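Encoded as structure tokens, the structure appears first; notes follow it.
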Amino acid sequence: MATYQKLFDKSIENPEEFWAEAAQSIDWYKKWDTVLDSSKPPFYRWFKGAEMNTCYNAVDRHVENGCGDQDAIIYDSPVTDTVRKITYSQLRDQVAALAGAIKAQGAEKGDTVIIYMPMIPEALVAMLACARLGVVHSVVFGGFAANELAIRIDHARPKMIICASGAIEGKKTLAYKPLIDSAIDQSDHKPEKTIVFQREFVTADLNRVGDLDWQQITEDAQPADCVVVAATDPLYILYTSGTTGMPKGVMRDNGGHAVALNWTMKNIYNVEPGDVYWAASDVGWVVGHSYIVYAPLLYGCTTVVYEGKPIGTPDAGAFWRVISQHKVKVMFTAPTAFRAIKKEDPDGTLLKQYDLSDYEALFLAGERLDPDTYHWAKKLLNVPVIDHWWQTETAWAIVGNPMGIEQFPVKPGSPTKPVPGYDVRVVDDAGKELGPNQEGNIVVKLPLPPGTLVTLWRNDDRFVSSYMSTFPGYYETSDGGYIDEDGYVFVMGRIDDVINIAGHRLSTGAMEEVIATHIHVAECAVFGTHDSLKGQQPLGLVVLKSGVECDEEELKIELVQMIRGKIGPIACYRETAVVSRLPKTRSGKILRGTMRSIAVGKEYRMPSTIDDPTCLDEITEDLKKMGYPEG
Ligand code: COA
Ligand code: AMP
């Protein structure tokens, strides 16, 4: 029997033995009493009774094993014209110093800390320093506005915030401190301290009570050692978009996370300790947490921290320059980045300037990999181009082509097969399993493997209602798709109100909540339409309050400003149409899915519950006037 099938079957039939073997690669202070505690489904806990420290496994143990002089981080920042290398010994010292400073400022095991930082090594140092102390970090992506940060502050209740004075985003210089101050002013919970890493090009005023200078407090600090934590203790909370304005705080534990991520480096990505691994993402997203920080460091690779864009910093050859200069073996990014490069340099002429002889594979995730982008990247790079499907909730790939186990022929449009650990099925709305090529809801039979979400932070009920109740015994992914006759999974997209813009996950519900607060708006609907660069972009349809007459162009500009101000520029909200009414069911539910189908030119069935079918004709006309569906 083929290796993959053997491993996969074992992972499903005997998950405890499978993951206990994988756990041998992690250093434990105390081994587990139970590999998998299934006593309270759907709350499963891996490695119960074990004790360890994630930072120790990601940093200190490599120094102790003689790899202290190996680069842990290569910081490559075209926007500040910097390349800086940090060895594992240096990283340990920097992390221990910051951990000492955090401890001296009063944060201890079990406390929470919010991190708001750009792509600089100090972001990793801050995350690892928290892990070192058993402090639970929550990193917030820099593209979110103060209001979104405030929502997370109120929910995570951090003891302190760790931030940088600012960032360079493409060609713009952004000051972070005013944004942090504004978020704290807006939140009910007030963090006691704000630790600021000052960057040369923007100096933050440290004039509020509790403001601290990173450089100063780490200089004075007594380095802190790793604290013993339970494998089941939380490592981090990562907020991700749900269907409403209140994001979901995905909670990750320490032990299962370390075991699973470490396992993926060989089995999925086929790298060895010492290799240079580059995830061109951001620490604010799950890809950044897992594949810029934890997995490559746990496994003893060198991770590249890239502060730049695929294009414009300075050109569409930036990725090839980084791969060549740092001898990157495996690179991971979102398909959008490749679409952006293709648009600027369709023939790949810039690639010819660089030697990519050490480069072995391209991994893509974050959104559907369209066959055009797949073929373009494959032809250009002449290395395996591997699509893999996962979610913030899972922290690692659910479906992929496991390069370190067995390389399957690629079927463009499919991320290939379920990764060992994930028993993937497709079911209809009633939960009945569907046969090959029948499209439905993609679900994963419980238990989920280690490393996946344990619960939602301070919200067990939402964890159960969002993921575990629609199909009892299964995790609901909220993605639709099918499995073909060869076992290849095809992921067709979200079936809830979450959209994917440039590989970034955003909530249309959150955008609707903002638009609904405009004084002239009676009701609204936001849904995702097709975008040839970013995959999807949001479109808002608004109905004005009766009797209101306003300048529609002005209204549209105001709505864009409101979304940028409340959610952030990353929402990429640009298009609004004023319509006379929205199609609804007889019980008043807006038919967003049907409108989305019309806008992208997908066939749809007239909903039997529709209140007034003529309303759909009107919307079809309105969308047509706006140029939908494209082409
Ligand atoms: N901090 C502050 N603002 C940010 C930001 C950050 N970290 N990241 C993005 N933004 C802003 C951008 O400046 C832009 O603002 P603007 O409307 O004022 O111009 C807005 O948010 C939208 O950003 P983005 O969608 O990234 O568009 P872009 O035109 O700047 O870049 C791409 C387009 C394709 C180059 C870019 O989206 C990209 O590199 N995508 C790769 C995807 C990726 O890394 N995904 C991570 C998951 S794997
Ligand atoms: P996030 O939680 O931000 O990682 O977004 C997860 C969502 O992105 C998934 O639910 C999918 O809708 C989408 N996604 C991620 N990777 C892929 C992929 N390889 N193919 C199709 N969709 C993907």
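Atoms within each ligand, like the ligands themselves, are counted from 1 in listed order. In this text the structure is predicted, and so the values were computed from the model without any measurement. Along the sequence shown, residues carry numbers from 1.
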Contact region, T392 to ligand 2, non-hydrogen atoms below 4.0 Å, reads both
Checking heavy atoms under 4.0 Å, the part of W390 that sits near ligand 2 is backbone
among protein heavy atoms, the one nearest atom 9 (C) of ligand 1 is E169 OE2, 3.3 Å
Discussion item. Quick check with a 6.0 Å cut-off and a 45 degree axis cone: is K417 positioned over the face of F408's six-membered ring?
Written reply: yes
ask   = Between H289 and Y294, is the gap from one ring center to the other below 6.0 Å?
value = no
Evaluate the 4.0 Å heavy atom contact test for atom 32 (C) of ligand 1: does a protein atom fall under the cut-off?
no
Please determine whether a side-chain nitrogen of the Lys or Arg among E512 and R592 lies less than 4.0 Å from a carboxylate oxygen of the Asp or Glu. yes
heavy-atom search around atom 25 (O) of ligand 1 in the protein gives K534 NZ, 3.0 Å
Under 4.0 Å from one or more heavy atoms of H388, ligand 2 contributes atoms 16 (N), 18 (C), 19 (N)
* Look at atom NZ of K342 and say whether more than 12 heavy atoms of other residues, nucleotides or ligands are closer to it than 6.0 Å. => yes
If you scan protein heavy atoms around atom 9 (C) of ligand 2, the nearest is D479 OD2, 3.1 Å
min-distance protein heavy atom vs atom 46 (C) of ligand 1 -> S281 OG, 3.4 Å
With heavy atoms and a 4.0 Å threshold, my read on which part of E367 contacts ligand 2 is backbone
In short, salt bridge (Lys or Arg N to Asp or Glu O under 4.0 Å) pairs touching residues 301-311 with sequence neighbours left out are E169-K309, R199-E307
Value for CD (E122) from CZ (F197), rounded to nearest 0.5 Å, stands at 3.5 Å
Subject >> Electrostatic pair E393:R505 at N-O distance under 4.0 angstrom >> reply: yes
the protein heavy atom lying closest to atom 15 (O) of ligand 1 turns out to be K172 NZ, 3.1 Å
Counting heavy atoms under 4.0 Å, the part of N500 that contacts ligand 2 is side chain
Looking only at side chains, do E485 and N437 share a donor and an acceptor under 3.5 Å apart? yes
